[in-house]
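Structure, as structure tokens:
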Amino acid sequence: MSLARPVPADTPGTASAGHGLAVLLLAISAFVIVTTEFIIVGLLPSLARDLGISISTAGQLVTLFAFTVMLAGPFLTAMLSHFERKRLFVVILLIFAGANALAAAAPDIWILGFARFLPALALPVFWGTASETAGELAGPEKAGKAVANVYLGISGAMVLGIPLGTLASTAFGWRGTFWGLSGLSLLMAVLLLVVMPTLARPARVKLAEQARILKDPYFLGNVVLSVIVFTAMFTAYTYLADTLEQIAGIPAGQVGWWLMGFGIVGLAGNWLGGQFVARGPLMVTAITALVLAAGMAATTLVAGSHGWLAVALAVWGIANTALYPICQVRVMQSASHAQALAGTLNVSMANAGIGLGAIIGGSVILHLGLANVGYVAAAIAILAAIVAPLVARLKAGSA
């Protein structure tokens, strides 16, 4: 089944260049949206001091966002899947602009919490529909690459958005950072309104009809595989900074630069994921999961040599970021219909994996020590590689 739908309802002559620019704008919008999601981590100390609350209380803002994405995303995407994509994206970015402005002006934790709740509702709708729309704009042959381009927004936010936003908060305060994100969201809404072609409005499919994909064992197998993959990724990645500082002996002031290097290398992984996913999403998932396992395990093994550590982190970073587009394309292609809902379910389950990974990693640290986190994460990644061919059998059985 093709990831892309037929043809945008646009003037034929505007197709190629205009559609390519629209995919680029979706990628930049993704950058703004993902930065909005994760920037709170770098702002917690300053906003906690400013609002007179504890770090643990401020940390609940992170939990609120993640759980909202996980629980509300699939339902909202199913309800909005028939909306014309251009208008939908503009509205989503306007929500982000307003929510970030409200966060910047929030007088207390309650208003700030509401300002974080609103974009958490819109984020999974964007991911589910942006991936599908990128494939539609690019056409069947280039759909995987187009989805990978949109996913560059994730890598860009990790590499530049969050560090730069945190630095901006040092210069302008946490409120200034939110004002900046509000302005960027508004700018992207205007650019998409002007540049993006009007697409053929998707046919309205009843919620019960869309939910039929939940009865498809092959689709459910792919969703479960995504949970395992993201659990593996974030069992180790959540505690990478501690690993670098305590196991590898990297000075605290240099850890941020190592993390940035990890993300920059990951940009290559995003590109590779888009290039190879068309050769067989399940096979590519299995191979990449094994590479991920090798990188995570090797990081602890070679931690004493910073040269080899850099190599291990590069392997880990490439596989880690490659799995973002690979998993999204794989899950969406496994859906017989309702691809927007399928894409959002993958994002929701990714959030479940992120949370589960953080819990598992924390438990490993508590009972086995930080040095064993990478090995446990690698074992989970190997489990993903084993599950992938089992999921492929589900497709053969349902054929």
(request) Mind running side-chain contact (heavy atoms from CB on, under 4.5 Å) on T299 and W316 for me, showing each step along the way? (result) CA-CA 8 Å; T299 295; W316 177 358; 3.3 Å; yes
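- To the nearest 0.5 Å, atoms CZ (F230) and CG (N320) are separated by 8.5 Å.
- Within the 3.5 Å criterion, the main-chain N or O of R85 finds no donor-acceptor partner in the side chain of R87.
- Minimum interatomic distance between A388 and A286 (heavy atoms only, all atoms of both residues): CB-CB, 3.9 Å.
- Separating the CG atom in L47 from the CD1 atom in I109 is a distance of 6.5 Å, to the nearest 0.5 Å.
- Across I53, L64, L51, a single residue satisfies side chain to side chain contact (heavy atoms under 4.5 Å, CB included) together with L112, and that is L51.
- The backbone N or O of A248 sits less than 3.5 Å from a side-chain atom of H306, completing a donor-acceptor pair.
- The closest donor-acceptor contact from the side chain of K86 to the backbone of L193 lies under 3.5 Å.
- At a threshold of 4.5 Å between side-chain heavy atoms, the hydrophobic network of Ile, Leu, Val, Met, Phe, Trp and Tyr places V364 and L370 in one connected group.
- L187 CG to S182 OG: the interatomic distance, rounded to the nearest 0.5 Å, is 11.0 Å.
- Rounding to the nearest 0.5 Å gives a distance of 10.0 Å between CG of L76 and OG1 of T68.
- S29 is not listed as a side-chain neighbour of F89, based on a closest heavy-atom distance of 4.5 Å or more.
- Nearest heavy-atom pair across L25 and M188 is O-CE, 3.5 Å.
- Note on L390: it does not cluster hydrophobically with L220, by side-chain heavy-atom contacts below 4.5 Å among ILVMFWY residues.
- In terms of heavy atoms, A377 sits closest to A232 at CB-O, 3.6 Å.
- L366 and I360 fall into different hydrophobic clusters, where Ile, Leu, Val, Met, Phe, Trp and Tyr residues are linked whenever their side-chain heavy atoms come under 4.5 Å apart, directly or through other members.
- The shortest side-chain heavy-atom distance between L225 and L282 falls under the 4.5 Å cut-off.
- Note on V34: it clusters hydrophobically with F31, by side-chain heavy-atom contacts below 4.5 Å among ILVMFWY residues.
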Which atom pairs, one a donor and one an acceptor, fall under 3.5 Å between side chains of residues 93-102 and the rest of the protein, sequence neighbours left out?
| from | atom 1 | to | atom 2 | distance (Å) |
| --- | --- | --- | --- | --- |
| N100 | ND2 | T36 | OG1 | 3.3 |
| N100 | ND2 | F96 | O | 3.0 |

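- Two residues are said to be in side-chain contact when any heavy atoms from C-beta on lie closer than 4.5 Å; V224 and I228 meet this criterion.
- Looking only at distances, no side-chain donor or acceptor of S363 sits under 3.5 Å from a matching main-chain atom of I359.
- A donor-acceptor pair is defined here as one N or O able to donate and one able to accept, closer than 3.5 Å; such a pair exists between the side chain of T243 and the backbone of Y239.
- Shortest non-hydrogen contact noted between V195 and A22 is CG1-N, 4.5 Å.
- Two residues are said to be in side-chain contact when any heavy atoms from C-beta on lie closer than 4.5 Å; E245 and I250 fail this criterion.
- I287 has its side chain out of reach of V284: every pair of non-hydrogen atoms, C-beta onward, lies at least 4.5 Å apart.
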(request) In sequence, state the C-alpha distance, the side-chain angles, and the governing distance for R330 and S226, and then conclude on side chain to side chain donor-acceptor pair (under 3.5 Å). (result) CA-CA 9 Å; R330 175 176 49 74; S226 282; 2.9 Å; yes
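- Below 30°, between 30° and 60°, or above 60°: for F234 and Y237 the angle between ring planes is above 60°, a perpendicular geometry.
- When side chains are defined from C-beta on, I92 counts as touching V125, because their heavy atoms get closer than 4.5 Å.
- A 4.5 Å side-chain heavy-atom check between L88 and T129 finds at least one atom pair inside the cut-off.
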(message) Please determine whether side-chain contact (heavy atoms from CB on, under 4.5 Å) holds for the pair L244 and L309, giving the CA-CA distance in whole Å, both sets of side-chain angles, and the decisive distance to 0.1 Å.
(response) CA-CA 9 Å; L244 291 173; L309 175 63; 4.1 Å; yes
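- Side-chain heavy atoms closer than 4.5 Å link hydrophobic residues (I, L, V, M, F, W, Y) into clusters, and following such links, even through other members, never connects M233 to V315.
- Rounded to the nearest 0.5 Å, atoms CG (L356) and CE (M349) are 11.5 Å apart.
- Contact detail for T288 and A322: the closest heavy-atom pair is CG2-CB, 4.1 Å.
- Side-chain contact check for V331 versus F219: some heavy-atom pair is nearer than 4.5 Å.
- Pairs passing the salt bridge (charged side-chain N to carboxylate O under 4.0 Å, His left out) check and including a residue from residues 167-178, sequence neighbours excluded, read D50-R175.
- Residue L240 holds its CG atom at 11.5 Å from CD1 of I247, rounded to the nearest 0.5 Å.
- Around OH of Y375, the count of heavy atoms belonging to other residues, nucleotides or ligands within 6.0 Å exceeds 12.
- Between the side chain of D108 and the main chain of I111, a donor-acceptor pair closer than 3.5 Å is present.
- Nearest heavy atom pair, residue A378 against residue M296, reads N-CE, 3.7 Å.
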(request) Please assess N372 against H367 for the test side-chain contact (heavy atoms from CB on, under 4.5 Å), listing each intermediate value before the final yes or no. (result) CA-CA 10 Å; N372 288 295; H367 296 99; over 6 Å; no
(request) Start with the C-alpha distance between M70 and F65, add both sets of side-chain angles, then the distance that settles side-chain contact (heavy atoms from CB on, under 4.5 Å), and finish with yes or no. (result) CA-CA 9 Å; M70 181 180 69; F65 202 108; over 6 Å; no
